[in-house]
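The structure under discussion appears below in the form of structure tokens.
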2 protein chains.
Amino acid sequence: MTTTDTQTGDIRETFKDFLASKGLRVTNQRLAIFDAAYGNSDHFTAEDLLEHAREIDDSVSRATVYRALPILTESGLIREVDVGKDYKFYMANKNATTFQAQVICLDCDKIYEIDAPFMEWYGKTVADKLGLNVESQRLQVSARCGGDPNSACQRGGKTS
Amino acid sequence: MTTTDTQTGDIRETFKDFLASKGLRVTNQRLAIFDAAYGNSDHFTAEDLLEHAREIDDSVSRATVYRALPILTESGLIREVDVGKDYKFYMANKNATTFQAQVICLDCDKIYEIDAPFMEWYGKTVADKLGLNVESQRLQVSARCGGDPNSACQRGGKTS
DNA sequence: CTCGATGCAAAATTTTTGCAGTCCC
DNA sequence: GGGACTGCAAAAATTTTGCATCGAG
């Protein structure tokens, strides 16, 4: 099943255009990695991405995944989510609107994305005072559900 | 020169008490690591800490530093500052009052600590909605001074 | 055709761990 | 004196890199 519903298909073209505009080549491996990233509905690691990309194109190697990730993040099509583990998470940037904070459940390893529009203002204000220009921001809350059946973790659903 | 001005001396006793209360032993290496941490006025890495601890007690090994860091952070005497590099930073918690955000200059590798008292409320509010209990939080702004002589980086002073 | 892109495996880096010996309590 | 602590070196674990080969344009 080649992922080609209307929206994803369009974004795929955007990716190709981005590659072209940077003088980079459109290879099967890069497309497989892109498709794998957008086929994944949640957060994923480099290793997850490799695994899924290989289901699409068997020839994708780990090195190529690691070489593609900076390209994809630079294009804005995927977002890096570093929650302080020793490996990084990524996620498809399907609706890139406002800044998002993460709430991380340390018990379940789930990551919730939360709109935090005030960060736009906050970062600029704080950086201005130091004479710096904002590049990126992180706002993360690490928390625990403690197995509480009323928590979003237990009621919710998808495993991160 | 054994670092024993009034304040640091007191905190050192606090550290010893903490060790005792946890049934841990007060060893020369642990004290050397503690002193090195409090002798460092800025952010430091595990490797920095090892180096400085060895200036105090030659016998301190890398493994012991890594084994001491969790104890020191758990005691609240030092704080872990993970800015998303592949290694972590730490800093002595000399005045542990309000929550602190970090502004990181990507050009200079400097880290500024900024009071962000509203985070207390923010984290709790967001976690409550999910039914979780806050464990810790991070608020970081990555920015660039671009060499601007008016920026805090260039006027300021200490290198991180 | 040409040069960027890839796969493989070795390397690099930070942190962790097993084990035998050491020293705090 | 007993068991926690330490140093050393090897191991883990993720990401990077060198090099010969492949393939997009």
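So that the names make sense, note that chain A is the first sequence line, chain B the second, and so on, each numbered from 1. The structure displayed is predicted, hence computed values, not measured ones.
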If we ignore angles and hydrogens, is there a donor and acceptor under 3.5 Å between the side chains of [X] and [Y]?
| X | Y | answer |
| --- | --- | --- |
| A/Asp115 | A/Gln100 | yes |
| B/Gln140 | A/Gln137 | no |
| B/Asp17 | B/Thr14 | no |

Rounded to whole angstrom units, what separation is found between the [atom1] atom of [X] and the [atom2] atom of [N]?
| X | N | atom1 | atom2 | answer |
| --- | --- | --- | --- | --- |
| A/Lys22 | C/dG4 | NZ | P | 16 Å |
| B/Asp82 | C/dT14 | CG | P | 14 Å |
| A/Tyr87 | D/dA13 | OH | C1' | 11 Å |
| A/Asp48 | D/dT14 | CG | C1' | 13 Å |
| B/Asp58 | D/dC8 | CG | C1' | 15 Å |
| A/Glu47 | D/dT16 | CD | P | 13 Å |
| B/Asn28 | D/dC5 | CG | P | 14 Å |
| A/Lys88 | C/dT13 | NZ | P | 15 Å |

Inset, instruction - Establish, with yes or no, whether the OP1 or OP2 oxygen of D/dG23 is under 4.0 angstrom from a side-chain nitrogen or oxygen of A/Thr27. - result: no

Inset, instruction - Kindly say if B/Arg30 contacts the phosphate of D/dC5, meaning a side-chain N or O under 4.0 Å from OP1 or OP2. - result: yes

Inset, instruction - Describe the nucleic acid contact of A/Arg67 in one word from base, sugar-phosphate, nothing, applying a heavy-atom distance below 4.0 Å. - result: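 Base contact.
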
Legend entry - Short side-chain to backbone donor-acceptor contact, A/Thr64 and A/Val60, under 3.5 Å: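 Looks like no, no N/O pair under 3.5 Å.
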
Inset, instruction - Return the 5'-most residue of the pair B/Ala63, A/Val26 with respect to DNA chain D, ranking by each residue's nearest nucleotide. - result: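 Of the two residues, B/Ala63 wins.
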
Inset, instruction - From the options D/dT6, C/dA5, D/dT15, select the nucleotide whose nearest atom is closest to the side chain of A/Arg25. - result: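 The listed nucleotide nearest to A/Arg25's side chain is C/dA5.
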
Legend entry - Candidate nucleotides D/dT6, D/dT14, C/dT6, ranked by approach to the side chain of A/Tyr66 - the nearest: D/dT14

Legend entry - B/Phe89 and B/Tyr87 aromatic ring geometry - parallel, tilted or perpendicular at 30°/60° bounds: perpendicular

